[in-house]
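One structure is given here, and the rest of the page talks about it.
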There are 2 protein chains.
Amino acid sequence: MKNKHILIVDDHSLFRTGMKMILTQVGEAAGISEADSIKEAFDFCESGVDVILLDIHMPGLNGIDGIKPIREKFAKVPIIVLSASSEMADMRKAKELGAAGFMNKASQAEEMVSSITRVLDGKTCFPDDLKTVDGEASRESLAGSLTPRQIEVLIYLCEGMSNKLIARELEMSENTVRVHVSAILSTLGAANRSEAILIAQREGITS
Amino acid sequence: MKNKHILIVDDHSLFRTGMKMILTQVGEAAGISEADSIKEAFDFCESGVDVILLDIHMPGLNGIDGIKPIREKFAKVPIIVLSASSEMADMRKAKELGAAGFMNKASQAEEMVSSITRVLDGKTCFPDDLKTVDGEASRESLAGSLTPRQIEVLIYLCEGMSNKLIARELEMSENTVRVHVSAILSTLGAANRSEAILIAQREGITS
DNA sequence: CTGTCTGTAGCACAAATAGACTAGAGCCAA
DNA sequence: TTGGCTCTAGTCTATTTGTGCTACAGACAG
């Protein structure tokens with residue numbers, strides 16, 4: 001775990017602190033960064049990290065929907081999904097979307113460290129129960145049919161921001177934001193941005 | 001906080017670790033114990049603690065269900081309820097059951113420490129919305145400052161409906177809907193209807 | 001190499017939204 | 001009865017939003 005940079009993405013600062021403690025004590029990681037949202041996580045990814053610990057339940061855009069855009073933009077960085085509830089559905093979804101591992105927040109510290117080590121070694125790490133991703137294939141999530149950039153826009157959209165503000169935030173023109181928003185509305189089947197927020201939330205974003 | 005014994009009850013070991021870190025760094029507490037269930041918490045109570053930090057969501061006996069028995073057996077020990085979700089219902093329930101405080105797990109460390117200090121001083125500590133006592137008056141924070149008609153409009157607003165649709169639904173002119181929506185935005189401190197939806201959801205106004 | 005997809009951005013137009021006004025009708029408490 | 005509040009409805013702007021186009025560059029697959 002030496003010379004590795006770890007990014008912890010969780011909206012609970014105390015969890016981040018606890019995680020950081022464990023890692024500094026045991027792992028001698030080169031660096032540990034903390035982000036409290038997908039949005040912020042992107043910024044850290046830009047400056048380079050070796051593994052991401054991503055909480056699955058966060059306000060705004062769900063962690064599970066954050067996997068895809070991160071994977072596509074920073075393909076080399078493995079993601080370990082964290083969850084408080086060991087729901088099979090969450091695990092399977094995380095695996096399908098390209099996560100490298102899945103950890104329950106209630107796990108023992110040693111267990112977590114070994115999982116992270118495994119993933120840093122290029123392996124994957126899922127609970128035993130998850131043997132196969134069998135034919136059922138679970139219905140495609142709506143977020144899955146959005147492009148990475150659209151999801152980024154959706155993140156800000158879901159915070160109630162105007163097109164102008166989103167444009168400033170993502171450093172693109174307002175026109176471009178509109179194109180993305182239009183595409184999002186069409187994909188989600190929403191009549192307006194308010195409905196888009198509600199649909200995004202219903203599809204697992206605030207649950 | 002000196003000479004005080006703090007008990008952390010949470011099934012997530014990392015959260016306990018993070019909490020413990022914060023407390024040892026800042027608080028010079030005399031002792032910090034960790035329990036991962038209500039059952040175990042009882043054992044620690046026997047040997048005497050000064051305040052209990054109790055997670056509301058735990059496997060087995062729920063935290064919220066654990067408040068009452070602990071209060072009855074160890075009436076002197078104040079309980080601060082911890083939750084990942086700042087649900088108004090949870091807060092209210094915790095208060096009714098005799099908790100001395102309520103903290104969101106996503107709070108900043110300083111905020112948590114000051115909450116604990118308050119409670120150790122014999123005070124209570126609930127989020128502002130709930131601070132005004134009187135049971136039913138507590139809910140009246142934001143929703144109470146809206147007129148009945150405004151709340152009706154807000155309900156449809158929160159379904160993502162346009163002014164035109166709301167007007168049709170409530171059988172009033174679109175102009176009137178606008179007046180109500182304007183008043184709602186102003187009262188809630190929202191910049192636009194999307195923000196109004198988010199605020200209304202957070203405050204539990206429409207639930 | 002040739003499409004296709006994605007992200008970017010522009011233009012134009014219609015619709016929706018937000019804010020600042022005025023103003024009347026009805027209700028209720030001081 | 002008066003004053004205040006709510007609900008209603010209107011006008012008038014200014015801004016935002018949503019849609020339909022075109023266009024180009026980069027990535028990627030066939």
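Given the structure is predicted, the values throughout are model-derived calculations rather than measurements. Basis for what follows: all heavy atoms, side chains included, without hydrogens, waters or symmetry-related copies. To find a chain, count down the sequence lines: A is the first, B the second, and so on, and within it residues start at 1.
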Every protein N/O within reach of nucleotides 18-23 of chain D N/O, cut-off under 3.5 Å:
{"from": "D:dG18", "atom 1": "OP1", "to": "A:Arg193", "atom 2": "N", "distance (Å)": "2.8"}
{"from": "D:dG18", "atom 1": "OP2", "to": "A:Arg193", "atom 2": "NH1", "distance (Å)": "2.7"}
{"from": "D:dG18", "atom 1": "O6", "to": "A:Arg178", "atom 2": "NH1", "distance (Å)": "3.2"}
{"from": "D:dT19", "atom 1": "OP2", "to": "A:Ser182", "atom 2": "OG", "distance (Å)": "3.4"}

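One atom, NZ of A:Lys164, and another, C1' of D:dT15, lie 8 Å apart when rounded to the nearest Å. What separates CD of B:Glu152 from P of D:dT6 is a distance of 15 Å, to the nearest Å. When the P atom of D:dT8 is taken as reference, atom CD1 of B:Ile166 falls 13 Å away, rounded to whole Å.
Considering only side-chain N and O atoms, B:Thr147 lies nowhere under 4.0 angstrom from the phosphate OP1 or OP2 of D:dC5. Between B:Thr176 and D:dA9, a side-chain N or O to OP1/OP2 separation shorter than 4.0 Å is present.
Shown here are the side chain to side chain contact (heavy atoms under 4.5 Å, CB included) partners of B:Ala196, two or more places apart in sequence or in another chain: B:Leu157, B:Leu185, B:Leu188, B:Ala190. Residues meeting the side chain to side chain contact (heavy atoms under 4.5 Å, CB included) test with B:Val119, sequence neighbours left out: B:Val51, B:Pro78, B:Ile80, B:Ala100, B:Cys125. Under the rule for a side chain to side chain contact (heavy atoms under 4.5 Å, CB included), the partners of A:Leu170 that lie at least two apart in sequence or sit in another chain are A:Arg149, A:Glu152, A:Val153, A:Tyr156, A:Ile166, A:Met172. Annotation: side-chain hydrogen bond (donor to acceptor under 3.5 Å, both in side chains) contacts of B:Ser173 (sequence neighbours excluded): B:Thr176. For A:Ser33, the side-chain hydrogen bond (donor to acceptor under 3.5 Å, both in side chains) partners two or more places apart in sequence, or in a different chain, are A:His5. Partners of B:Asn163 by side-chain hydrogen bond (donor to acceptor under 3.5 Å, both in side chains), not counting sequence neighbours, listed by chain and number: B:Arg193. With sequence neighbours excluded, no residue forms a side-chain hydrogen bond (donor to acceptor under 3.5 Å, both in side chains) with A:Glu169.
Terminal axes of the helix from C:dC1-D:dG30 to C:dA30-D:dT1 (five pairs each, C1' rotation axis) are separated by 40°, to the nearest 10°.
Toward the 5′ end of DNA chain D lies the nearest nucleotide of B:Glu174, the other residue of the pair A:Met161 and B:Glu174 mapping further downstream.
On the nucleic acid side, DNA chain C contacts chain B at distances under 4.0 Å to non-hydrogen atoms, with the end points of that region at C:dA16 to C:dG19.
Annotation for B:Asp55 and B:Leu82: closest pair OD1-O, 3.4 Å, computed over non-hydrogen atoms.
Contacts classified as salt bridge (Lys or Arg N to Asp or Glu O under 4.0 Å) and involving residues 177-192 of chain A (residues at least two apart or in different chains) are given here: A:Glu174-A:Arg178. Among residues at least two apart or in separate chains, salt bridge (Lys or Arg N to Asp or Glu O under 4.0 Å) pairs with a member in residues 12-22 of chain B are B:Arg16-B:Glu34, B:Lys20-B:Glu34.
B:Asp36 places no side-chain N or O within donor-acceptor distance of the main-chain N or O of B:Val9, the cut-off being under 3.5 Å.
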